[in-house]
Amino acid sequence: MTSPADLIVIGGGLIGSALAWGAARAGADVLLLDEGDVAFRASRGNFGLVWLQGKGLGNPDYMHWSIRAGQRWPELARILGEETGIDIGWRGGGGLHFCCSEAEMEQRRDLIARTRAAGGDIRIEMLDRDALRDLAPDIGPEVVGASLSDLDGEANPLFALRALQQGFSGHGGRLLVNFTATTIRHNPHRGFAVRDATGREVFGRRLVIAAGLGANDLARQIGLEPRLAPERGQIVVTERVAPFLHHPASAIRQTREGTVLLGSTHEDAGFSTETEVAAISRLCRTGTRLFPALRHTRLVRAWAALRIMSPDGLPIYDEAPDFPGGFLVTCHSGVTLASLHALELGPALAEGNLGPAPRSLRSNRFSPNPA
C-alpha cells in the first residue's frame, strides 16, 4: 500500500501526465496511475499537431482556451527540455491548410472572418499559389493556395509523454504502472480510495480522472456522466525522404527525422484499432495530390488509434458536485492543450480547483436541464 497522496491522477497518457507534472511541479504529492500498454493510448497514435485554425468556432470559450494553449507551447517545450534534456520535437512558426479549389479557399476566408468576429487572438492569412510556393515549392498543380496561422505547430507525442513523466518523477511524483482502476470510494474525511482489479488500493485527498475512454465507468462512480465514445483515426507513415515541408499541415507533416505522416481519418468503428486498405489508399491519394513526388516514396507503416470524443466533441473539465475534490478532465486535443493542462490546470488541481478551465465545458451541458 502506498502512502496517501495529495492528488491521485488516474490515466498515464498525455492528459494525465501533463496534469500530474503540473501539480507535482506546484509542490503537491501526486500519485499517477498508469494502466500500461493494455490501455487505448491516444498519445501513441497521435498525429502530433498543435492546431488552432478553426478550433472552437461556435464556442468562444473553447476557442480562447485553445489559442492560449498555442501561445504557451514554446514555454512548455523549453521547460521540459531544461528539466529532462529531452527534445520533444516542438516546432512552431505556423501551420498550413492546403486548398485544392476556389470553394475551399472561400471556406477558409469565412473561417478567418468568423474567428476574428469571435475575438480570436490568432493571425490567419490566406496565401495564393505563388505565395504558397515560397513555403512549399513542391506542391501539386491542383493546389490553389492555403491558409497559414501563426500559432500552429507540431511536437512528437511520444517524446512529450516521456518528458512529462520523467519531469513528474523529478518533481517527486510517484508513478504506479499496470494499475487498472476499477472502483472509486469516497470518504468525506479521508478523501478518495481507488482500487484496481487485483485488489490493490491507493488513497488520496483529491482525485482527477483522466483515463480517456476508460473514464465513463469511473466518472459515474463520482456522479458524473461524460458519455464519451471512441472515434478511430488512421495514419500512414513513409520512409525518410529529403526535407520538403517545413510547416505542419492539417493532412500531412514531415517529421524532423524525414518521415512523412499522412492523416487522418474520422471513423465510427467502435473500439476497433484495425487498419483498412481503403482508408490507407485515401490518405495516400490526398498526400500525392498535395505533393506528387510522394508517389515514388515507400510506405513503411500504418496504424489506427482512438480519439476520446464527448457528445459535442469538446473537452470536459468538471468537479463532482456530490464528491468535492473529485475531478474529470478529458478531451481529444491532448497535444494542443497539453501546455495549459501542464502549466495552468495541473497547478490549479494541486490547490483543489479547476482554475481557469472554462465553466461552459462542464459535463452538465449534456443534461436535459443543465444547471
Got a salt bridge between [X] and [Y], using NZ or NE/NH1/NH2 to carboxylate O under 4.0 Å?
X      : Y      : value
Asp61  : Arg359 : no
Asp312 : Arg365 : yes
Glu82  : Arg78  : yes
Glu257 : Arg240 : no
Asp217 : Arg220 : yes
Arg232 : Glu276 : yes

Item to complete: Identify, with sequence neighbours excluded, every residue that meets ring pair (Phe, Tyr, Trp, His ring centres under 6.0 Å) alongside Tyr317.
Response: Trp65, His341

Please tell me whether [X] and [Y] have a donor and an acceptor in their side chains that are separated by less than 3.5 angstrom.
X      : Y      : value
Asn364 : Ser367 : no
Glu83  : His171 : yes
Arg185 : Gln221 : no
Ser3   : Arg174 : yes
His97  : Ser147 : no
Glu35  : Asn178 : no

Worksheet item: Thr182 and Asp196: side-chain hydrogen bond (donor to acceptor under 3.5 Å, both in side chains), yes or no, with the steps?
Response: CA-CA 5 Å; Thr182 58; Asp196 77 349; over 6 Å; no

Discussion item. Among residues at least two apart in sequence or on other chains, which ones pass side-chain contact (heavy atoms from CB on, under 4.5 Å) with Leu49?
Written reply: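 Leu49: side-chain contact (heavy atoms from CB on, under 4.5 Å) contacts with Phe47, Trp51, Pro248, Arg253.
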
Worksheet entry | Set of residues satisfying salt bridge (charged side-chain N to carboxylate O under 4.0 Å, His left out) with respect to Glu344, sequence neighbours excluded |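 With neighbours one apart ignored, the set is Arg68, Arg72.
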
Response to the item:
Result for side chain to side chain donor-acceptor pair (under 3.5 Å) between Arg307 and one of Glu231, Glu267, His332 points to Glu231

